[in-house]
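Each remark here refers to the structure printed beneath this line.
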Protein chains: 2
Amino acid sequence: MYQTFYRDQTQFYVAVDCIIFGFSEGRLSLLLLKRNMEPAKGQWSLPGGFIEAQESAEVAAARVLSTLTGLDEVYMDQLMLFSKIDRDPGERVLSVAFYALINVADSNREQVRLHNAYWRDLDDLPALIFDHPEMVHSALKRLRIEASTKPIGFNLLPERFTVPQLQALYEAIYGISIDKRNFRKKLQSMPFLVKLDEKDKTSSKRGAYLYSFDKERYEKAKLEGIHFAL
Amino acid sequence: MYQTFYRDQTQFYVAVDCIIFGFSEGRLSLLLLKRNMEPAKGQWSLPGGFIEAQESAEVAAARVLSTLTGLDEVYMDQLMLFSKIDRDPGERVLSVAFYALINVADSNREQVRLHNAYWRDLDDLPALIFDHPEMVHSALKRLRIEASTKPIGFNLLPERFTVPQLQALYEAIYGISIDKRNFRKKLQSMPFLVKLDEKDKTSSKRGAYLYSFDKERYEKAKLEGIHFAL
DNA sequence: TCAAAAGTGTTAAGTTTACACCCATGA
DNA sequence: TCATGGGTGTAAACTTAACACTTTTGA
């Protein structure tokens, strides 16, 4: 019945592009592909692809990321739609950008390699095609805002992490250095950080205590009007 | 040369929807249309329409808003793309939501009336079609975040405004009441608020001093690392 | 003259910043 | 035994929150 109402309207190709920030050894990197298809073959780009008929943008983003890089179950947030007329020099294409911050573990490092994808240091990115630089810039801006109000850092670190690791993450996100005593003080005021009895000795002889993030307690604290900011 | 690469991909109708918050007499309202066309004729909806071939989403939003409500030169920010498969029960349509906060002046009140559009109190909205309630909810959430970091309130008030007006605005946005002494104290620490010699007597016998927002000084303060939060 | 809105200061609590030394351990 | 990274406390500066009375003026 409705199907005919819109028929005079223009239709558009709509793509998704994924801005995946990775954290490893105190540094942020960005997951990029070396395009092996036209347009822009051989150039660097974000993992991206077209939305299909029966997909929401969110579903498409997950599929595209998984297909192109082998990464599954990455929780991405939508950034926004990019729609400048000439953003794709080939043809008119709109693109929804999604972003996420994940831990670059050995497991996914391999995944990624097998797919012609690479983790490139965020401070030393190659030239990117189209408006991808703008997308990355916006995503980083958004990431910083998110990181200061949501425990985005906790989602991304391995399940058990140390305070120095967490601090390094925040330092990487904001590009600043933080006083470790003050940083710990703030952490102590967060009841959803659970100190474990074990230590991680991979980065020092003494070892650093492992912590875990108690999601339930976090949700509870949030309901009661959380005071979160790192 | 490129034009043929994407031809197997699905194309989509892409709409824009405008969430226009209005401020007047201490209250927030939302600009709505009573739809006079299918689908959902007679129901309430956000002003919205399709993106055309040679438009960016931003340009389309401005055109649609102007056409449907008579409001011109409203600076809107993009919220995000809504793309659930069944969000439009008629046909598959993606929609980019844009939002803005403006002053409901007598001038635009008339404009709006002539277009079958209405300012409806935000606390007492009629049922809206499709996923428009979700859009409004997201926009309000975003507006609150923006209002706490950007001088969004200054853009929207009349060019000259009083402190009580500004306070009422922030109270409306956050749905809280604010101590007026503390509020004024914060304002005093903002060097881009200029106190004028004139008073506005429309809401009291005594009259309240008018202020204006000095955009240049604001930009300067921002560059120097602003300390802004209301 | 009085009702109604505008305007004004101080103190206590809490938060943020700056800063320097000891601890544990494996090599 | 010593080099390396992990861990701890305190004081000053600043920010936020709580709180009540006086001023102005048109009706």
Side-chain angles (χ1 to χ4, degrees), chain A residues 24-27 144 147-149 153 157-158 160-172 174-191 193-212 221 224-230, chain B residues 24-27 144 147-149 153 157-158 160-172 174-191 193-212 221 224-230:
Chain A
S24 167
E25 289 162 29
R27 301 188 66 76
R144 286 177 174 154
S148 69
T149 38
L157 284 171
R160 298 144 80 249
F161 52 87
T162 68
V163 173
Q165 272 169 31
L166 188 60
Q167 179 171 347
L169 168 65
Y170 277 84
E171 291 181 330
Y174 294 110
I176 56 169
S177 67
I178 303 172
D179 181 282
K180 62 181 172 172
R181 281 168 294 187
N182 294 338
F183 186 79
R184 277 169 191 273
K185 217 183 304 166
K186 261 190 204 156
L187 289 183
Q188 274 160 24
S189 71
M190 299 179 186
L193 260 194
V194 183
K195 183 174 184 172
L196 307 176
D197 275 337
E198 247 170 301
K199 285 188 161 189
D200 172 298
K201 295 207 167 189
T202 55
S203 73
S204 78
K205 295 156 189 166
R206 179 178 178 176
Y209 278 104
L210 285 162
Y211 286 74
S212 70
E224 288 163 9
I226 204 178
H227 176 70
F228 181 90
L230 257 170
Chain B
S24 168
E25 289 162 30
R27 302 188 65 75
R144 286 177 174 154
S148 69
T149 38
L157 283 172
R160 298 146 78 251
F161 51 87
T162 68
V163 174
Q165 272 169 32
L166 188 61
Q167 180 171 347
L169 168 64
Y170 277 84
E171 290 180 332
Y174 294 111
I176 54 168
S177 68
I178 303 172
D179 181 283
K180 63 181 172 173
R181 281 167 293 186
N182 294 338
F183 186 79
R184 277 168 191 274
K185 216 182 303 166
K186 259 189 206 156
L187 289 183
Q188 275 160 23
S189 71
M190 299 178 186
L193 260 194
V194 183
K195 183 176 184 173
L196 307 176
D197 275 336
E198 248 170 301
K199 284 188 163 190
D200 171 297
K201 296 208 168 190
T202 54
S203 72
S204 76
K205 296 155 189 168
R206 179 179 178 176
Y209 278 104
L210 285 161
Y211 286 74
S212 70
E224 287 164 10
I226 203 179
H227 176 69
F228 181 89
L230 257 170

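Throughout, protein chains are lettered first and strands after them, A, B, ... in sequence-line order, and every chain is numbered starting at 1.
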Send over the distance from B:Q188 CD to D:dC14 P, rounded to a whole Å. 18 Å
B:I176 CD1 - D:dT16 P separation (whole Å): 13 Å
Take atom CZ of A:F183 and atom C1' of C:dT15, then tell me their distance rounded to the nearest Å. 17 Å
Whole angstroms only, please: what is the CG-P distance between B:L166 and C:dA5? 19 Å
Measure across B:Y170 and B:I178 and return the closest heavy-atom pair with its distance rounded to 0.1 Å. CB-CD1, 4.0 Å
Contact check, side chains of B:S177 and B:Q167, non-hydrogen atoms, under 4.5 Å: no
Whole-Å distance separating the CG atom of A:D200 from the C1' atom of D:dG7: 15 Å
Trace of the side chain to side chain contact (heavy atoms under 4.5 Å, CB included) decision for A:L157 with A:T162: CA-CA 9 Å; A:L157 284 171; A:T162 68; over 6 Å; no
Check the orientation of A:F161 and A:Y211. Use parallel for under 30°, tilted for 30 to 60°, and perpendicular for over 60°. parallel
Looking across every strand, which nucleic acid part, if any, lies under 4.0 Å from B:T162 by heavy atom: base, sugar-phosphate, or nothing? nothing
Where along nucleotides 18-27 of chain D does protein come under 4.0 Å, by heavy atom, of base (B) or sugar-phosphate alone (S), with - for untouched nucleotides? BBB--BBBB-
For B:Q167 and C:dT8, give me the distance from atom CD to atom P, rounded to whole Å. 13 Å
B:S203 side-chain N/O to C:dA6 phosphate OP1/OP2 under 4.0 Å: yes
Take atom CG of A:L187 and atom P of D:dT8, then tell me their distance rounded to the nearest Å. 12 Å
Which whole-number value in Å describes the distance from A:R184 CZ to C:dT16 P? 18 Å
B:G207 versus B:K201, closest heavy-atom pair with distance: CA-CG, 4.0 Å
Ignoring hydrogens, what is the shortest heavy-atom contact between A:Y209 and A:L196? Give both atom names and the distance. CD2-O, 3.6 Å
